[in-house]
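On a predicted model such as this, the values are computed, not experimentally measured, just so you know. Each ligand, and each atom within it, is numbered from 1 in the order the structure gives.
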Amino acid sequence: MANKQKQMLAVWGSPGGGKTVTAVKLALELSKRKKNVVLVFTDVTAPTLPAVVSEKKLPDVSVGELLAAPGMTQEQVLKTCVPCEKNPYISFLGYKAGENVFTHAEYSKEKAVDMLVLLRHIADYVIVDCTSLLTGNVLATTALEVADDVLRVCSCDLKAISYFSSYLSLVADRKFKPEQHIKVLSNTRPYQGGSEYENSFGGVKYRLPYLPSLEEQAATLKLLEPLSGKEAKTYEPVIAAIAGEVFGDGK
Ligand SMILES: Nc1ncnc2c1ncn2[C@@H]1O[C@H](COP(=O)(O)OP(=O)(O)O)[C@@H](O)[C@H]1O
Ligand SMILES: [Mg+2]
């Protein structure tokens with residue numbers, strides 16, 4: 001019997017460790033299949049959308065508004081999705097510039113579940129960029145629970161080791177299936193090539209290298225552009241392999 005097609009990936013990991021960069025690059029990779037991808041940004045502490053797409057081009061919508069409003073219909077979700085100007089297959093759901101945790105009324109876990117279920121109907125693929133600070137972030141915590149897979153992004157720094165030693169106990173519950181997380185070492189510099197970090201994270205399956213050009217893309221609102229040159233060849237096959245493991249070959 002064929003495996004059930006996986007459709008939703010939650011990306012979670014240490015603060016500043018490359019969750020957003022990895023989520024965007026995975027969305028770009030999936031868009032090559034000419035299928036629709038919705039990328040959900042759950043960060044309300046530092047809204048992600050204005051850091052990925054030029055603020056001037058953003059419509060006045062917010063996932064916070066959607067979650068706080070009464071009801072949850074496909075139409076409401078579609079109205080809140082921001083189409084990506086650079087790629088017709090990608091759209092975003094996220095908080096807008098200036099919002100914070102007090103901007104909207106609190107919402108229930110059921111509301112988050114309803115939204116994620118609707119997204120499964122709307123899109124071929126859903127990637128949820130979860131926050132490191134899960135406490136109080138119902139959407140991110142719900143996504144960790146209901147996604148088909150979780151990519152655990154572990155950056156090569158001592159802060160990441162400290163983060164996981166504190167936070168893993170918070171996702172230890174069976175509902176989060178932590179032992180099934182797919183671990184990726186992210187933003188790896190050549191001098192971090194040894195196995196010390198891998199061992200501290202209990203083994204990792206993938207390694208994403210540090211690319212100066214990717215750092216530049218992130219700083220100049222160009223993450224949605226393809227990488228080029230030799231560097232790309234060290235990075236893109238890893239993204240393609242993760243997409244393949246999670247979402248199959250798309251056929
Ligand atoms: N593979 C990478 N190569 C180079 N820089 C990276 C890479 N991954 C992340 N970064 C840098 O780290 C910063 C933080 O990454 P980001 O994805 O925003 O972290 P998070 O979402 O986990 O907080 C980015 O702005 C970028 O400068
Ligand atoms: Mg982020």
- Message: How long is the straight-line distance from CD of E225 back to OG of S213, given to the nearest 0.5 Å?
- Response: 11.5 Å
- Item | Heavy atoms from other residues, nucleotides or ligands near NZ of K79 exceed 12 (cutoff 6.0 Å) | no
- Between Y235 and T22, the two heavy atoms sitting closest are OH-CA, 4.3 Å
- Query: Sequence neighbours excluded, which residues qualify as salt bridge (Lys or Arg N to Asp or Glu O under 4.0 Å) partners of K96?
  - Reply: D60, E65
- Within the protein, residues bringing a heavy atom under 4.0 Å of ligand 1, chain by chain: S14, G16, G17, G18, K19, T20, V21, N187, P209, Y210, L211, L214, E215, A218, Y235
- Message: Determine whether E198 and S195 satisfy the following criterion, side-chain hydrogen bond (donor to acceptor under 3.5 Å, both in side chains), listing intermediate values before the conclusion.
- Response: CA-CA 5 Å; E198 288 192 16; S195 53; over 6 Å; no
- Message: Tell me if the NZ atom of K86 is crowded by more than 12 foreign heavy atoms within 6.0 Å.
- Response: yes
- Message: Restricting to under 2.8 Å, identify the protein N, O or S atoms around the Mg ion (ligand 2) as residue plus atom.
- Response: T20 OG1
- Query: Checking salt bridge (charged side-chain N to carboxylate O under 4.0 Å, His left out) against K6, which of D249, D149, D148 comes through?
  - Reply: D149
- Query: Who passes salt bridge (Lys or Arg N to Asp or Glu O under 4.0 Å) against E236, sequence neighbours left out?
  - Reply: none
- Can you tell me how far OH of Y197 sits from CD1 of I161, rounded to the nearest 0.5 angstrom? 5.5 Å
